[in-house]
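Computed over heavy atoms, backbone and side chain alike; hydrogens, waters and symmetry mates excluded. All of these numbers come straight from a predicted model, not from anything done at the bench.
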Amino acid sequence: MHPPGSAGFERCIGFGWCSGCRIYSGTMVYVHRKRVLVDALASLSADDRERLLHKEAALIDYLDSRGPGRH
């Protein structure tokens with residue numbers, strides 16, 4: 001979201017959710033600039049990725065279906 005030279009580069013959106021009660025929350029979180037994050041959407045087509053990025057509930061459903069630690 002932010003270019004490497006930006007002061008906001010070390011921030012990303014973190015999601016937490018409960019699969020059972022369907023409650024989720026998101027917040028800005030700090031990620032050290034040397035930390036490499038796995039793109040959980042990398043295997044999706046551009047259309048599928050775009051659809052998930054515009055619907056938080058669909059994104060959470062997709063991530064939940066992958067289970068913990070599955071990238």
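- The hydrophobic cluster containing Ile13 also contains Leu63, counting ILVMFWY residues as joined when their side-chain heavy atoms lie under 4.5 angstrom apart, directly or transitively.
- Of all heavy-atom pairs between Ser43 and Arg66, the closest is OG-NH1, 4.3 Å.
- Every residue two or more places apart in sequence or in another chain that forms a side chain to side chain contact (heavy atoms under 4.5 Å, CB included) with Leu53 is listed here: Leu41, Arg49.
- Note that OG of Ser19 and CD1 of Ile60 are 9.5 Å apart. Values are rounded to the nearest 0.5 Å.
- With hydrophobic clusters built from ILVMFWY side chains whose heavy atoms lie under 4.5 angstrom apart, Val38 does not share a cluster with Val31.
- Using a 4.5 Å cut-off on side-chain heavy atoms (C-beta onward), Tyr62 and Asp48 make no contact.
- Applying the side chain to side chain contact (heavy atoms under 4.5 Å, CB included) criterion to Thr27, with sequence neighbours excluded, gives Val29.
- Both Met28 and Leu59 belong to a common hydrophobic cluster when Ile, Leu, Val, Met, Phe, Trp and Tyr are linked at side-chain heavy-atom distances under 4.5 angstrom.
- Taking CD of Glu50 as the reference point, atom NE2 of His54 lies at 4.5 Å (rounded to 0.5 Å).
- Atom CG of Leu44 is separated from atom CG of Asp39 by 8.5 Å, given to the nearest 0.5 angstrom.
- Cluster annotation: Tyr30 and Leu37 are assigned to distinct hydrophobic clusters (Ile/Leu/Val/Met/Phe/Trp/Tyr, side-chain heavy-atom contacts under 4.5 Å, transitive).
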